[in-house]
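Okay, so here's the structure we're looking at.
Here the structure is a predicted model, which is why all the values come from computation and not from measurement. Side-chain atoms are counted along with the backbone in the values below, which use heavy atoms only and exclude waters and symmetry mates.
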Amino acid sequence: GTVSNVFLTEKLVPVLGNYGYLGGGEPGHIRRIDFANDTNLAPSRTSLTNGDGKYVVGMSSKDYGYWAGYLGPTSPSNGVTNIDRLDYGNDTAAMVVRANMPLNQYNGTGTHSQDYGYYCGGQNLSTVQRLDFSNDGAAPTPKGPLSVGTNAGGGFGNQAYGYIAGGSPGGSTISRIDYSNDTVAA
């Protein structure tokens, strides 16, 4: 596809530093934006482990980018369980699968704190799965559900809270995840 189509299907993982990373779409490339030269097209650095990454969700720690919950060319119709990790210090190396989601799901959204990544919703589910960045080989743990199931919502946050908004059928509902007490409903 054209570059404009690729960017429409990808989700951005914000990273402190000089670069931002886009992941997914077809053919599942991970692209890097150089903030000092942001008029240049984002070159491909590596690819998701399962190829195409339709509906992928991105999360970020200080050292790694994580992508989860997507449809790949050989995945079941309800998504892959892979959680792929990109090492920012070696961003042209092949990505590795660090853990697996407890459910096959896609088209969710994500948010993250300094210590944890949260994969939320997808396929109209209200589930929240937390990935511990310090133990990223372990399966994510379920946390408090969203206030409403969501599909293709948006995720953002600060150091204290994560917010999941929009999508369908959630619409104008905004769910807030309190990172200090993430077992209660959002």
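Atoms OG and CH2, from S60 and W67 in turn, are 7.5 Å apart once rounded to the nearest 0.5 Å. Atom CG of L125 is separated from atom CG of L146 by 9.5 Å, given to the nearest 0.5 angstrom. Rounding to the nearest 0.5 Å gives a distance of 12.0 Å between OG of S180 and CD of Q159. Between T92 atom OG1 and R45 atom CZ the span is 6.0 Å, to the nearest 0.5 Å. Atoms CG and OG, from N107 and S168 in turn, are 8.0 Å apart once rounded to the nearest 0.5 Å. The distance from atom CD1 of I30 to atom CG of D91, rounded to the nearest 0.5 Å, is 10.0 Å.
The main-chain N or O of G144 is never found under 3.5 Å from a side-chain atom of T183 such that the two would form a donor-acceptor pair. Proximity of a side-chain donor or acceptor of R31 to a complementary backbone N or O of A42 within less than 3.5 Å is detected. Of the possible polar contacts, none joining the N82 side chain to the D84 backbone as a donor-acceptor pair under 3.5 Å is found. Checked by atom type and distance alone, the side chain of T150 pairs as donor or acceptor with a backbone atom of G166 at under 3.5 Å. Looking only at distances, a side-chain donor or acceptor of Q123 sits under 3.5 Å from a matching main-chain atom of Y106. Side-chain N or O atoms of S175 include one that pairs as donor or acceptor with a backbone N or O of S147 at under 3.5 Å.
Nearest heavy atom pair, residue A138 against residue L131, reads O-CD1, 4.0 Å. The shortest heavy-atom contact between G154 and T109 is C-OG1, 3.2 Å. Contact record, G53 with L48: CA-CD1, 3.5 Å, taken as the closest heavy-atom pair. Nearest heavy atom pair, residue A165 against residue F156, reads CB-CE2, 4.3 Å. Of all non-hydrogen atoms in H112 and G117, the two that sit nearest each other are CB-CA, 3.9 Å. Closest approach of M59 to T111, counting heavy atoms only: CG-O, 4.1 Å.
Aromatic ring centroids of Y119 and Y66 lie 6.0 Å or more apart. You'll find the ring centres of Y55 and Y70 outside the 6.0 Å limit. In summary, the aromatic rings of Y88 and Y19 are positioned with their centroids too far apart to meet the 6.0 Å limit.
Below 30°, between 30° and 60°, or above 60°: for Y118 and Y116 the angle between ring planes is above 60°, a perpendicular geometry.
Side chain to side chain, D115 and S113 fail the donor-acceptor criterion of an N or O pair below 3.5 Å. For the residue pair S61/D63, the side-chain donor-acceptor check at 3.5 Å is not satisfied.
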